[in-house]
Q: 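I have a structure I would like to understand better, so I am pasting it below and will then ask my questions one at a time.
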Amino acid sequence: MSGMENMEFIVPLEKWYLENKRDLPWRNTTDPYVIWISEVILQQTRVIQGLDYFNRFMTRFPDVASLAEAEEDEVLKYWQGLGYYSRARNLHTAARQIMDDFGGLFPKNYRDVLSLKGIGEYTAAAICSFAYRQPYAVVDGNVYRVLARLFDIDVPIDSTPGKKLFVKLASDLLDKKRPDVYNQAIMELGALQCVPRSPHCELCPLSDKCLSLISGRVEKLPVKQGKTVVKPRFFNYLCISYQGDTWIRQRKGKDIWENLYEFVLIETDKEYSFEELQHTEEYCRIFNGLGKVKVTALPLQKRHVLSHRIINAYFYSIEIESVPEGLSGYIRIPYTELENYAVSRLTHIYLEQRK
DNA sequence: AAGGCGGGGAG
DNA sequence: CTCCCAGCCTT
């Protein structure tokens, strides 16, 4: 698109936005730090789900320096329950990157912003347009949907050609004079008006220009080709008690819940009864030499459903009479101190029920 | 290009 | 149930 053809879309879109926008705490600021935190929290996360996290996070970490100086464990604690924990770890890494490489000042150059850990094309465009009014178009899930419908495009949004096409389209359509307002507007339209299912097109400010409304394919767009395969996993947790203490460990490796804490874990390839579990190599190694362990409660079983995993979890409360030898790598803490450690939602739910 | 990464809400 | 949310990183 060239010239001012895009005014046809910009005028009604921005007008609609100014009349319908939600009042959100990260709007009405141009502080790149505030915008950065809000954008990362909102990655793959609904506004309503991230609001409280944002407020708590900003109170504890009001600026880059405070975040950079904190321990990763504490940052994770503030992220507990929100999911996609790499966001919190990357946030922490990037804060230190800003201290080390940019003198503690949030970078203004798009390439520099993009170089920060955890900031991709979307978030870089959001920060640069909202904080500095630079003309970068955001392309998030909302924008894909609005543009696919507006121009009746069935190229899959999760394909390489699709991504290129939508970035080009979004950039052409962008209001270069007010990129901040425009970017907010098109995302808000996707969030409130051009919703995935059953949009009220008769109320849409762009309905008279929407090609998919004419073709009748609104509900079929956008097209996505990827299909997520949900794989089951089996986590057997041993909640061991000894003199009021228990054992936990920080998860390591590139796996779910990296760097969060959890009880003694034996993962199996299928469902195991407690009887079968006791005969596994792992179990015997942990309780080496300890004949007597007492299971004091019925095992709590929970199906923890995620977008790409089903965690079949079994929690066994176990009382012991002497300290097992096979718990190296685990730390021994009073049960009451568990709340100080960042744990997964699954573990948190168990702890709540246990009270 | 494809897979992994969380959790929750809407229909 | 299915879909998807102000995505990014790794392989």
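Being a predicted model, the structure only gives us computed values, none of them experimental. By convention in this document, chain letters (A, B, ...) are assigned in the order of the sequence lines, proteins followed by strands, and residues within each chain are numbered from 1.
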Q: Indicate yes or no for a side-chain donor-acceptor contact from Asn142(A) to the backbone of Leu189(A) under 3.5 Å, with no hydrogens or angles considered.
A: no

Q: Lys163(A) near the nucleic acid: base, sugar-phosphate alone, or nothing, with a heavy-atom cut-off under 4.0 Å?
A: nothing

Q: Show me, pair by pair, the donor-acceptor contacts under 3.5 angstrom made by side chains of residues 240-249 of chain A, not counting sequence neighbours?
A:
{"residue": "Asp245(A)", "atom": "OD2", "partner": "Arg332(A)", "partner atom": "NE", "Å": "2.8"}
{"residue": "Asp245(A)", "atom": "OD2", "partner": "Arg332(A)", "partner atom": "NH2", "Å": "3.2"}
{"residue": "Thr246(A)", "atom": "OG1", "partner": "Ile240(A)", "partner atom": "O", "Å": "2.7"}
{"residue": "Arg249(A)", "atom": "NH2", "partner": "Tyr330(A)", "partner atom": "OH", "Å": "3.2"}

Q: Looking only at atom P, what distance separates dT11(C) and dG6(B), rounded to whole Å?
A: 15 Å

Q: Heavy-atom contacts under 4.0 Å between residues 140-149 of chain A and DNA chain C, which residues?
A: Asp140(A), Gly141(A), Asn142(A), Arg145(A)

Q: Could you identify which residues of residues 34-63 of chain A place a heavy atom less than 4.0 Å from some atom of DNA chain B, listed by residue number, or say none?
A: Gln44(A), Thr45(A), Arg46(A), Gln49(A)

Q: With a 4.0 Å limit, can you tell me whether His304(A) has a side-chain N or O closer than that to the phosphate oxygens OP1/OP2 of dG7(B)?
A: yes

Q: Which residues pass the ring-ring contact (aromatic ring centres under 6.0 Å, His included) test with Tyr237(A), not counting sequence neighbours?
A: Phe315(A)

Q: If you look only at pairs with a residue in residues 33-55 of chain A, which of them pass as a salt bridge (Lys or Arg N to Asp or Glu O under 4.0 Å), with sequence neighbours excluded?
A: none

Q: Got Gln80(A) and Val343(A) here, is their nearest side-chain heavy-atom distance under 4.5 Å?
A: yes

Q: Please report the distance, rounded to the nearest Å, between CG in Leu76(A) and P in dG7(B).
A: 12 Å

Q: List in chain and number order the residues that pass ring-ring contact (aromatic ring centres under 6.0 Å, His included) with Phe166(A), two or more places apart in sequence or in another chain; answer none if no residue qualifies.
A: Tyr144(A)

Q: Given the C1' atoms of dG3(B) and dA6(C), what is the spacing between them in whole Å?
A: 23 Å

Q: Would you mind reading off the distance between Ile310(A) atom CD1 and dC5(B) atom P, rounded to a whole angstrom?
A: 14 Å

Q: Classify Trp79(A) by what it touches in the nucleic acid, base, sugar-phosphate, or nothing, heavy-atom distance under 4.0 Å.
A: nothing

Q: Return the value, rounded to whole Å, for the distance between atom NE2 of His308(A) and atom C1' of dA2(B).
A: 13 Å

Q: I'd like to know if the side chain of Gln250(A) and the backbone of Asn259(A) have a donor-acceptor N/O pair within less than 3.5 Å.
A: yes

Q: Would Arg56(A) and Tyr53(A) count as a cation-pi pair here, with the cationic atom under 6.0 angstrom from the ring centre and within 45° of the axis?
A: yes

Q: Looking at Trp36(A), Tyr33(A), Tyr132(A), which hits ring-ring contact (aromatic ring centres under 6.0 Å, His included) with Phe106(A)?
A: Trp36(A)

Q: Counting any heavy atom closer than 4.0 Å, what does Ser198(A) reach on the DNA or RNA strands: base, sugar-phosphate only, or nothing?
A: nothing

Q: At a heavy-atom distance below 4.0 Å, what parts of residues 250-264 of chain A sit against DNA chain B?
A: Asp255(A), Ile256(A), Trp257(A)

Q: With heavy atoms of chain A within less than 4.0 Å as the criterion, where does contact along DNA chain C begin and end?
A: dT2(C) to dT11(C)

Q: Tracing side-chain links under 4.5 Å among I, L, V, M, F, W and Y, which residues wind up in one group with Val223(A)?
A: Leu221(A)

Q: Please enumerate all residues that pass side chain to side chain contact (heavy atoms under 4.5 Å, CB included) together with Lys15(A), with sequence neighbours excluded.
A: Glu19(A)

Q: With the side chain counted from C-beta on, respond yes when Tyr272(A) and Ile266(A) share a heavy-atom pair under 4.5 Å apart, and no when they do not.
A: no

Q: Scan Glu121(A) against the nucleic acid and name what it touches under 4.0 Å (heavy atoms): base, sugar-phosphate only, or nothing.
A: sugar-phosphate

Q: Specify the separation, in whole Å, of atom CG of Leu82(A) and atom P of dG8(B).
A: 9 Å

Q: Other members of the hydrophobic cluster containing Tyr110(A), with the 4.5 Å side-chain heavy-atom rule, please.
A: Leu114(A), Tyr136(A)

Q: Apply side-chain hydrogen bond (donor to acceptor under 3.5 Å, both in side chains) to Glu258(A) and list each qualifying residue two or more places apart in sequence or on a separate chain.
A: Arg89(A)

Q: Would one find a side-chain N or O of Arg197(A) under 4.0 angstrom from OP1 or OP2 of dA10(B)?
A: no

